[in-house]
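Worksheet for the structure shown next.
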Amino acid sequence: AQSVAQPEDQVNVAEGNPLTVKCTYSVSGNPYLFWYVQYPNRGLQFLLKYITGDNLVKGSYGFEAEFNKSQTSFHLKKPSALVSDSALYFCAVRDANTGFQKLVFGTGTRLLVSP
Amino acid sequence: EAQVTQNPRYLITVTGKKLTVTCSQNMNHEYMSWYRQDPGLGLRQIYYSMNVEVTDKGDVPEGYKVSRKEKRNFPLILESPSPNQTSLYFCASSLRQGTNVLTFGAGSRLTVL
């Protein structure tokens with residue numbers, strides 16, 4: 001069964017410092033990977049996705065993610081954090097070999113950026 | 001504006017009183033889905049629909065029903081709500097399944113007493 005794991009419930013970083021939010025995945029076929037962000041009292045918003053191609057994917061708001069097949073990871077990164085980046089971040093995966101029946105989400109990581 | 005609209009946004013009800021959470025999208029999307037969000041569990045899929053009159057169970061379908069009579073609407077029905085259905089519910093849609101990005105509604109917070 002396909003799954004994703006977000007090992008950190010919360011990540012704390014100071015404004016201006018680089019940030020990383022971790023995600024590892026498990027699928028039987030080729031993974032299609034996504035990052036979404038949820039701001040307070042809002043629905044999830046798409047940040048970026050990996051389908052094929054370059055292992056470094058660039059997305060919205062200056063975020064990027066690195067796909068690593070050997071480590072089955074898809075970590076979200078940003079070179080310089082902003083206070084406004086504070087939110088809940090979800091990694092998600094579709095498994096191409098299961099006919100895209102489901103998008104499976106991780107449990108989420110809360111990012112807190114301090115001034 | 002392209003969007004997914006859910007109603008109600010907040011609802012407090014009692015055990016056993018049937019309720020419906022509506023979901024409507026204006027993007028002509030084929031695929032629609034319902035998720036519930038619970039602390040420590042992330043988002044779990046309840047039901048999804050690949051097109052009109054085509055629905056299927058997600059990971060946690062027990063206690064829920066859905067219908068897809070029109071492309072734009074995908075209501076979530078709780079025939080006899082119970083306290084363990086207290087949760088934050090999200091409707092989402094995408095052009096098709098596969099690699100397409102989901103667009104989420106703003107969420108419906110349901111409390112069952």
Side-chain angles (χ1 to χ4, degrees), chain A residues 1-10 21 23-25 27 29-53 57 59-60 63 65 67 87-110, chain B residues 1-10 21 23-25 27 29-51 54-61 74 87-109:
Chain A
Q2 55 187 346
S3 65
V4 289
Q6 295 182 243
E8 301 155 318
D9 290 335
Q10 184 165 308
V21 182
C23 172
T24 59
Y25 65 89
V27 299
N30 293 321
Y32 290 2
L33 294 153
F34 302 79
W35 276 101
Y36 285 82
V37 59
Q38 184 180 26
Y39 297 104
N41 300 313
R42 303 283 296 276
L44 279 72
Q45 298 176 32
F46 169 76
L47 275 180
L48 51 81
K49 67 178 179 180
Y50 170 83
I51 306 299
T52 59
V57 179
S60 307
F63 283 93
F67 172 69
L88 189 56
Y89 290 81
F90 289 95
C91 181
V93 66
R94 281 192 198 276
D95 183 350
N97 280 12
T98 59
F100 306 114
Q101 294 299 315
K102 287 191 277 190
L103 182 64
V104 176
F105 285 86
T107 53
T109 298
R110 187 166 300 281
Chain B
E1 179 187 355
Q3 60 186 355
V4 176
T5 303
Q6 298 178 225
N7 281 296
R9 293 289 314 280
Y10 302 91
V21 186
C23 174
S24 180
Q25 51 92 5
M27 298 165 282
H29 283 174
E30 290 183 356
Y31 179 87
M32 298 186 74
S33 184
W34 277 101
Y35 292 86
R36 59 178 289 174
Q37 182 180 14
D38 301 290
L41 297 176
L43 276 83
R44 294 177 293 168
Q45 190 178 48
I46 304 171
Y47 270 94
Y48 65 93
S49 169
M50 291 186 286
N51 214 323
V54 181
T55 64
D56 207 347
K57 297 176 180 178
D59 293 319
V60 288
F74 190 46
S87 187
L88 179 58
Y89 291 87
F90 288 101
C91 181
S93 71
S94 68
L95 189 60
R96 292 177 192 85
Q97 284 199 113
T99 61
N100 293 114
V101 171
L102 285 171
T103 300
F104 281 81
S108 297
R109 185 167 293 282

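In what follows, chains carry the letters A, B, and so on, assigned in the order in which the sequence lines appear, proteins first and then strands, with residues in each chain numbered from 1. Note: hydrogens, waters and symmetry copies are ignored here, and every other heavy atom, side chains too, is used.
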* **Segment of B/Q37 engaging chain A (4.5 angstrom heavy-atom cut-off)** => side chain
* Asked: Where does B/R109 contact chain A at under 4.5 Å (heavy atoms): side chain, backbone, both or neither?
  -> neither
* Asked: What are the two closest non-hydrogen atoms of A/K49 and B/V101, and how far apart are they?
  -> CD-CG2, 4.3 Å
* Asked: Closest heavy-atom contact between A/N41 and B/R9?
  -> O-NH2, 3.9 Å
* Sequence neighbours left out, what passes side chain to side chain contact (heavy atoms under 4.5 Å, CB included) with B/D38? Give chain and number order. => B/R36, B/L41, B/R44, B/S87
* Region of A/Q6 in contact with chain B, defined by heavy-atom distances below 4.5 Å -> neither
* Just jot down the ring pair (Phe, Tyr, Trp, His ring centres under 6.0 Å) partners of A/F105, sequence neighbours excluded, or say none. => A/Y36, B/Y35
